[in-house]
Number of protein chains: 2
Amino acid sequence: MKKKEAILKVATVLFATKGFADTSTQELSRLTGAAEGTIFYHYKSKERLLLVILEKTRDDIVDQFGRFLESRSFVSGIEMIEEVVSFYLYLAGLMENQFQLLHRHFLYKFSESNPEFRKNLEAIYNCLVDFFEKAILTGQEDGSIASDVHPRKSALILFTMVDGVVRFKNDNLYDAGALFNELLKSSRRMLQAH
Amino acid sequence: MKKKEAILKVATVLFATKGFADTSTQELSRLTGAAEGTIFYHYKSKERLLLVILEKTRDDIVDQFGRFLESRSFVSGIEMIEEVVSFYLYLAGLMENQFQLLHRHFLYKFSESNPEFRKNLEAIYNCLVDFFEKAILTGQEDGSIASDVHPRKSALILFTMVDGVVRFKNDNLYDAGALFNELLKSSRRMLQAH
DNA sequence: GGCGAAACTGAGTGTGCGCTCAGTTTTTCT
DNA sequence: AGAAAAACTGAGCGCACACTCAGTTTCGCC
């Protein structure tokens, strides 16, 4: 079971950083010490290998966010927003390669023809956006978030804002740390009741 | 001069939608009616073709935003924010393929080894973020935007928020039109002075 | 019309790719 | 220990790729 895991691990990094088409099974073989045949013995094709990586990514993210929500209790909706945003950034650092992978266009190309890809991507995005929405709804109940905010749409916008900062970091365009405080302030201002 | 243009046009669409590695010069030849040799006669290599496309994209974006700013006058900074956001979404629709291209990771891969790519990408992002920043600074002068907002950092966050909505549309994840009003409301709330 | 330059052609070349398969080693279980 | 199953190997296959080049057509100008 050693080679199988090694292939998964190395492929995650390479697919995320170099891309799918630009990563050859030959390179994968060289870096893992497994023969090329071994890759195709465990995962039937390069595309199926990518699918298994995506499935694992979904499991990891759903699991991590689930445990985060269980372990915490929040004093108000607006505080919960801050904590969810912070946790998102923390997780994007912890699982850097997997978050990078989610930003790669080839996943969306495959999901056009392969419903397995789409299913997993939808599960991930629904999970993430749901947490933002849950926080907004909580805040609207306790009065800390403005009632004229559309919960789902604002959750999507908030999500894309936070995810954009992760992108800045991963693409080496801007230091995410330097934007952290301003991001929390912006989230708060965007949603807060007066 | 007919084939040269056709190659550029078709390559822009294919690189943006299918990706760089997944677009072959053979396919490019078939769709343009030009022989494969013609592609390499006009553009020395596939990579140089991509660079020329990026340069044209930079020119187009800088030109369009420049003319937008000249033709308009704004009653306040916060109004300017709304108009710049709206124009960004409008332009992303008008130049859909070029904006899609800017979201592709291979551009950032090339810019790691080829400074020409980086130069052009920086020019584009600086141009775009500068407009947001300019609007924020204007608003802070006329009092319509809160003074405790960091102009550059907030411009970056605003940019990534708007660009994220464009991504939703281009990746068919969510209808950008449905988010338009909420996006304007969010931008306003995020920056507005009280 | 003639001539040099620019545009264009497409068969050909070497290379690297994903993947197969017949065979070998390692593990598991009685 | 021995047999069956699982894991692993790597040479080899067919194919598609980016790119070349010697030759042909079209264009611009006097």
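So you know, we letter chains A, B, ... as the sequences are listed, proteins then strands, and number each from 1.
Of the candidate nucleotides D/dT9, D/dA18, C/dA7, C/dA7 has the atom nearest to the side chain of B/Tyr41. Ranking D/dT9, C/dG18, C/dT9 by closeness to the A/Ser24 side chain, first place goes to C/dG18. For B/Lys46, taking side-chain heavy atoms from C-beta onward, the closest of the listed nucleotides C/dT20, D/dC8, D/dC19 is D/dC19. The side chain of B/Ala35 sits closest to C/dG10 out of D/dC19, D/dA16, C/dG10. Each of C/dC19, D/dA16, D/dT9 was ranked by its minimum atom distance to the side chain of A/Ala34; first place goes to D/dT9.
Within the 4.0 angstrom heavy-atom criterion, only backbone atoms of the sugar-phosphate kind lie near A/Thr23; the bases stay farther away. Within 4.0 Å of B/Ser29, counting heavy atoms only, lies no atom of the nucleic acid at all. Counting non-hydrogen atoms under 4.0 angstrom, A/Glu36 reaches a base of the nucleic acid.
Rounded to a whole Å, the CZ atom of B/Phe40 is 13 Å from the C1' atom of C/dG10. For A/Tyr43 and C/dC19, the OH to P distance is 15 Å, given to the nearest whole Å. At whole-Å resolution of the value, CG in A/Asp22 and C1' in C/dG16 are 13 Å apart. Across the protein-nucleic acid pair, A/Ile39 atom CD1 and D/dA7 atom P stand 16 Å apart, rounded to whole Å. Regarding A/Ile7, its CD1 atom lies at a distance of 15 Å from the C1' atom of C/dG18, rounded to whole Å. In this structure, NZ of A/Lys2 is placed 13 Å from P of D/dT9, rounded to the nearest angstrom. Straight-line distance from the CD atom of A/Glu5 to the P atom of D/dC8: 10 Å, rounded to whole Å. Rounding to whole angstrom units, NZ of residue B/Lys4 and C1' of D/dC27 are separated by 16 Å.
One finds a side-chain N or O of A/Lys3 lying less than 4.0 angstrom from the OP1 or OP2 phosphate oxygen of D/dT9. The side chain of A/His42 places an N or O atom within less than 4.0 Å of a non-bridging phosphate oxygen (OP1 or OP2) of D/dC8. In this structure, A/Thr25 reaches the C/dG18 phosphate: one of its side-chain N or O atoms is under 4.0 Å from OP1 or OP2.
Minimum heavy-atom separation, B/Pro151 to B/Gln140: CG-OE1, 3.6 Å.
Of the inter-residue distances, the one linking B/Met190 atom CE with B/Lys185 atom NZ reads 16.0 Å to the nearest 0.5 angstrom.
Under the 6.0 Å cut-off for aromatic ring centres, A/Phe110 and A/Phe20 qualify, their centroids lying closer than that.
For B/Lys109 and B/Phe106, the positive end is not near the middle of the six-membered ring at less than 6.0 Å and at most 45° from its axis.
In this structure, B/Arg189 pairs ionically with A/Asp148, as a charged nitrogen and a carboxylate oxygen lie closer than 4.0 Å.
With the nearest nucleotide of DNA chain C identified for both A/Gln26 and A/Gly37, A/Gln26 has the one nearer the 5' end.
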